[in-house]
Protein chains: 2
Amino acid sequence: MSTARQLAPATRDGSASRRVAAGIREAIAHGELPPGSRLRQEEIAERFGASRVPVREALKELEIEGLVTLVANSGAWVSQLTMRECEEVYQTRERLEPLLLHYSAPHLSADDLDAMDALARAMAETEDVVEFLRLDREFHMLSYSGGETLMLGDLVRRLWNTTQQYRRAYTMLVDVHAQRIVHDEHRHIVATLRDGDVEGAAHTVEGHIRRTRRMLAAHPEIFTPTG
Amino acid sequence: MSTARQLAPATRDGSASRRVAAGIREAIAHGELPPGSRLRQEEIAERFGASRVPVREALKELEIEGLVTLVANSGAWVSQLTMRECEEVYQTRERLEPLLLHYSAPHLSADDLDAMDALARAMAETEDVVEFLRLDREFHMLSYSGGETLMLGDLVRRLWNTTQQYRRAYTMLVDVHAQRIVHDEHRHIVATLRDGDVEGAAHTVEGHIRRTRRMLAAHPEIFTPTG
DNA sequence: ATCATTGTGATTGGATGCAATGACGTCTAT
DNA sequence: ATAGACGTCATTGCATCCAATCACAATGAT
């Protein structure tokens with residue numbers, strides 16, 4: 001009956017809920033679904049050409065990840081972070097990302113480092129906030145791509161996802177060109193990694209995150225009322 | 001028709017999947033479901049007096065937590081950790097638990113510290129491995145109970161859950177009385193917390209976890225073939 | 001006029017049913 | 001005898017269906 005269902009023709013490969021979750025995740029990341037947005041099961045189901053069952057599983061998945069807040073018999077909303085909570089995520093990142101870099105660094109190829117360098121350069125030149133954020137994320141994720149970890153990699157990705165909104169809000173607030181120090185840090189990370197100085201790179205990453213945390217803390221207006 | 005269903009009489013408060021997840025979690029923690037066990041949806045559904053829908057949501061939840069491994073069109077198994085993966089979890093704990101203690105410590109009451117002391121003493125006296133593990137967990141969780149965190153507390157609890165099996169296997173392997181150093185560390189944690197030396201306590205916790213990690217690494221026979 | 005109350009509609013939670021996939025055993029051909 | 005192909009069965013994935021709960025508005029009482 002439904003035409004939308006025909007577009008997703010019975011793949012039955014167990015990927016429906018995963019596809020829905022990925023779609024919602026992306027919509028949140030892109031700012032299409034800002035924090036506090038209501039998520040109606042039926043609406044989502046229609047959008048992705050699925051029934052409500054995989055949608056519910058996707059929402060569950062996103063809830064555990066912290067991206068979505070579920071209330072029984074009431075509904076689902078895109079999670080909002082207070083400033084305090086955002087700082088918690090950043091402090092967690094400060095501890096985990098240096099560790100993840102230790103896992104990843106030994107397996108990064110020269111090509112990977114070149115690509116990181118290119119991303120850092122592109123960031124310094126772009127004017128577009130969205131592009132800036134995309135490149136930044138890609139830079140760091142590439143630096144972590146060598147680590148074949150059980151959960152650490154996924155965990156860090158989740159932490160990035162939950163704070164993406166506030167990073168965007170902040171970046172849109174300040175001048176992109178005022179972020180010169182970001183580029184210096186990125187170049188320094190690549191340089192130390194080239195030298196095989198993993199500890200140094202990890203230290204820079206930690207400082208990089210800490211500095212960003214403090215920048216965010218200086219702009220409480222980004223956050224929800226109860227900051 | 002099913003009698004089991006009558007025992008869970010239509011609470012409809014959205015807690016079915018959560019109850020199922022909690023039940024499976026506990027069964028895994030208690031060793032009733034060892035790593036590698038197959039989890040059949042229908043079987044679980046009957047056991048908890050629910051239909052397969054909440055069971056699937058529970059399995060999804062446990063998969064994200066890392067306790068269960070889901071394979072599309074095939075089934076669900078209790079996750080197995082290699083030694084390398086277990087070490088990753090422990091390294092993650094080494095970084096996160098000191099941070100969590102920083103959140104918690106300022107809100108711990110004198111009563112909490114007394115209770116921790118009592119738990120540490122009880123641990124030193126028990127002969128039972130299961131009791132030993134229960135007390136150990138309670139001791140640490142109590143030390144973290146003051147932290148009103150968004151995700152850090154849950155995260156740490158999850159990390160404990162995924163490695164519980166291997167802690168038990170290790171504890172059963174060695175003599176309980178050989179763990180004197182554990183008790184010293186626990187007393188030291190309580191003492192430093194009483195002094196208000198959070199940094200010192202955090203440092204001890206970090207060392208405590210690191211030492212345990214190395215103890216586990218010395219017993220590769222605990223782990224699954226691909227260690 | 002304000003507050004409590006009741007009823008209606010929208011939306012979620014959970015149960016059942018059916019199609020599809022995968023595993024396993026059996027049969028056949030070389 | 002062994003390897004490959006086929007068919008059956010158990011089990012999962014998803015859609016549909018029904019009941020319970022909640023939000024909100026309209027009504028009535030103080």
Side-chain angles (χ1 to χ4, degrees), chain A residues 1-24 27 33 36-65 67-80, chain B residues 1-25 27 33 36-64 67-80:
Chain A
M1 186 83 47
S2 156
T3 56
R5 200 143 301 130
Q6 323 238 344
L7 298 175
T11 40
R12 185 91 41 164
D13 57 346
S15 69
S17 70
R18 214 151 247 133
R19 208 160 34 86
V20 172
I24 300 175
L33 296 171
S37 306
R38 174 78 186 266
L39 297 170
R40 258 168 256 272
Q41 297 181 359
E42 202 126 12
E43 194 177 311
I44 299 171
E46 192 179 6
R47 168 167 173 176
F48 292 96
S51 93
R52 273 176 47 221
V53 172
V55 170
R56 286 178 47 179
E57 290 176 8
L59 290 175
K60 189 110 204 159
E61 189 174 329
L62 296 169
E63 189 206 13
I64 311 280
E65 290 185 17
L67 264 182
V68 162
T69 304
L70 240 57
V71 179
N73 275 314
S74 180
W77 289 264
V78 178
S79 295
Q80 284 186 325
Chain B
M1 186 83 45
S2 155
T3 56
R5 199 143 303 130
Q6 323 237 347
L7 298 175
T11 39
R12 185 91 42 166
D13 57 347
S15 70
S17 70
R18 215 151 246 137
R19 208 160 35 85
V20 172
I24 301 176
R25 217 179 273 123
L33 297 171
S37 305
R38 174 78 185 267
L39 297 171
R40 258 168 256 272
Q41 296 181 359
E42 201 125 13
E43 194 177 312
I44 299 171
E46 192 179 5
R47 169 168 173 173
F48 291 97
S51 92
R52 275 175 44 220
V53 172
V55 169
R56 287 173 53 102
E57 290 176 7
L59 290 175
K60 190 114 209 157
E61 188 174 328
L62 296 169
E63 188 205 13
I64 311 279
L67 264 183
V68 162
T69 304
L70 241 57
V71 178
N73 274 316
S74 180
W77 289 263
V78 178
S79 296
Q80 283 186 326

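Residue numbers start from 1 in every chain, and the chains themselves are labelled A, B, ... in the order their sequence lines are given, proteins ahead of strands.
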Exercise. Take A:Glu46 and A:Arg40 through the test side-chain contact (heavy atoms from CB on, under 4.5 Å) and record every step on the way to the result.
Key: CA-CA 10 Å; A:Glu46 192 179 6; A:Arg40 258 168 256 272; over 6 Å; no
Quiz item: Step by step, would you call A:Ser79 with A:Leu67 a side-chain contact (heavy atoms from CB on, under 4.5 Å)?
Solution: CA-CA 5 Å; A:Ser79 295; A:Leu67 264 182; 5.5 Å; no
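Of the candidates B:Leu59, B:Leu62, B:Ile44, B:Val20 forms a side-chain contact (heavy atoms from CB on, under 4.5 Å) with just one, namely B:Ile44.
Taking atom NZ on B:Lys60 and atom P on C:dG14, their separation rounds to 17 Å, with Å as the unit. A:Glu61 places its CD atom 13 Å from the P atom of D:dG13, with the value rounded to the nearest Å. Rounding to whole angstrom units, CZ of residue A:Phe48 and P of D:dG13 are separated by 20 Å.
To the nearest 0.5 angstrom, B:Leu70 atom CG is 11.0 Å from B:Asn73 atom CG. Note that CD of A:Glu63 is 10.0 Å distant from CD of B:Glu57, once rounded to the nearest 0.5 Å.
The C1' atoms of five pairs define one axis at each end of the helix from C:dA1-D:dT30 to C:dT30-D:dA1, and these two axes lie 10° apart (to 10°).
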Using atom names, set out every protein N or O paired with an N or O of nucleotides 8-12 of chain D below 3.5 Å, distance rounded to 0.1 Å.
residue: D:dT11; atom: OP1; partner: B:Arg40; partner atom: NH1; Å: 2.9
residue: D:dT12; atom: OP1; partner: B:Gln41; partner atom: N; Å: 3.3

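In this structure a side-chain-to-backbone donor-acceptor pair under 3.5 Å is missing from A:Ser17 to A:Pro54.
A salt bridge is absent between B:Glu43 and B:Arg38: the closest approach of a Lys/Arg side-chain nitrogen to an acidic carboxylate oxygen does not fall below 4.0 angstrom.
The minimum heavy-atom distance between A:Phe48 and A:Ile24, with the atom names listed, is CZ-N, 4.0 Å.
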